[in-house]
K.L.:
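There's a structure below that I have some questions on.
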Amino acid sequence: MARHGVYVLGVAAVLLLGISTVSRSKGLKGREHQRASQIPSQFSPGERFAMKEALKGAIRIPTVFCQQFFPTVFKTSFIQHEVVGEYSHLLTVRGSDPSLHPYMLMAHSDVVPAPDEGWEVPPFSGLEHDGFIHGQGTLDNKNSDGLKCFAILQALELLLKRNYIPRRSFSIALGHGHNGAQKISALLQTRGVKLAFIVDEKSGGPSLILSYRIAGSEKGLINLSLQVNMTPGHSSAPPKETSISILAAAVSRLEQTPMLNMFGSGPSKMTLQELAHEFPFPANIILSNLWLFGPLVSRFMERSYITNTLVRTTMALIMFNAGVNVIPPVAQAIINMQIHPAQTVQEVLDLIKNIVADSRVQFHVLNAFDPLPVSPSDHQALGYQLLHQIIQSIFPEVSTVVPGICIGNTDSRHYANLTTGIYRFNPLYLGTGLNSRKISVQFIQNADADQEPAPHRHEL
Ligand SMILES: *[C@@H]1O[C@H](CO)[C@@H](O)[C@H](O)[C@H]1NC(C)=O
Ligand SMILES: *[C@@H]1O[C@H](CO)[C@@H](O)[C@H](O)[C@H]1NC(C)=O
């Protein structure tokens, strides 16, 4: 719990600062003078102390979003602050160059409720103990979001204090759950906003080696109810089949018939090819010759349930309700499907109905959404290239940065109408928390240093 809290803030700052390094990358042409004027992402002892104190202060109150910690952000004339749908916050930073396509950083301002047990120090104390700052919202797998939100704001605060004026406009969306993200997105859509890219929390899938996935896609979802209705009967004169057995057979058929292995039609094939050189012989040869070894690799990926989720639409039976001591009239099961980016909700529903092949089973979609389109990761993809460069400059131990799929769903799908480039990126995922602030500081500056890449084919 609460490890490395103060460091995490660093990542955000580097993110904001980091974008000028990208100017040296292929594909994005930077300008010399921009590099020279860059504000370093190293922090002085005084700044470190101030950031640490602010973090401790923020932990003491059960929300990380508090204007008092970011006085400069909230009094800067070119930053507009709006409260959206009561709990979400949208900050719009107007850059000096309106010709540059704006971008957005997303974080979550809601901190999950803290149970009192399980803490070495009280959750909202912000106490320093063994060199770590403890508290709800500090770095922890469960609730790193609040801290990231804090890190972005602190990075911005730091840049503004050093008189930095961004060239490229950007917004910071601090959403409160799905609802907040929906409302912010709807607001931006009514304003006709189009974004060059969005950076969201979450990482791009499980790590095999020291590589980093920037998730440029995420799976879709269906919660599907399967129901069988029969006339009720008495168990002394049982019918041949009951609603329970019909439904159980249907569910069993689904479990025995996995969805198609989609290896090769999604980002995972490219991910493996780019990682090939990281593996020892013979895996490197196999992975760099997927035209030949593709079928072998795809079967290998099916064997672990983690890599299996990368190659196909998965199914999990999550609820089964039937029977109260008589032959039940109704049996209902709910399955949850996570849809591979190369399939759609409709395709998966059709497949399910074909596999069940029993007209006594009725289907009701409880909720569903298609996978998000795969965001570009080529040399023209500004958001991807910026993240790529920053990860490599801040984490030299990370040898490879590749596109991946986000397993599970994020709030970013609510923003799909605003941009073609949504990248899920989690600096905390990289182990040492140093650096949320640092990353944000570098990111904002690097985004300024770059010229607009040539319009992408899928550009809105
Ligand atoms: C269905 O999907 C959502 C994810 O969007 C999940 O939160 C919800 O609990 C699921 N289950 C049911 C029974 O709807
Ligand atoms: C995206 O735009 C379409 C067409 O205007 C609209 O129907 C849809 O609800 C929008 N989706 C989101 C998630 O805002």
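The first residue of the sequence shown is numbered 1, and numbering continues consecutively from there. As the structure lists them, so they are numbered: ligands from 1, and atoms in each ligand from 1.
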K.L.:
Judged by atom type as modelled, is there a donor-acceptor pair below 3.5 Å linking the side chain of T76 to the main-chain atoms of F78?
P.N.:
no
K.L.:
Could you tell me which atoms of ligand 1, counted from 1 in the order shown, lie closer than 4.0 angstrom to a heavy atom of N367?
P.N.:
1 (C), 2 (O), 3 (C), 5 (O)
K.L.:
Is it true that D448 and R167 make a salt bridge, defined as a side-chain N closer than 4.0 Å to a carboxylate O?
P.N.:
no
K.L.:
Going through the distances and angles, do N261 and E302 end up as a side-chain contact (heavy atoms from CB on, under 4.5 Å)?
P.N.:
CA-CA 8 Å; N261 182 331; E302 290 177 329; 3.0 Å; yes
K.L.:
Ion pair present between E82 and R191, side-chain N to carboxylate O less than 4.0 angstrom?
P.N.:
yes
K.L.:
What I want to check is whether the side chains of T314 and Q338 have a donor and an acceptor closer together than 3.5 Å.
P.N.:
no
K.L.:
Do R168 and Y103 form a cation-pi contact, if we require the NZ or CZ to be under 6.0 Å from the six-membered ring centre and within 45 degrees of the ring's axis?
P.N.:
no
K.L.:
At a 4.0 angstrom heavy-atom cut-off, what protein residues surround ligand 2?
P.N.:
Q189, H414, N417
K.L.:
May I ask you to list the atoms of ligand 1 that are less than 4.0 angstrom from any heavy atom of L221?
P.N.:
2 (O), 4 (C)
K.L.:
N223 heavy atoms, cut-off 4.0 Å: which ligand 1 atoms fall inside?
P.N.:
1 (C), 2 (O), 3 (C), 8 (C), 10 (C), 11 (N), 12 (C), 14 (O)
K.L.:
Do F170 and T92 have side-chain heavy atoms sitting under 4.5 Å apart?
P.N.:
no
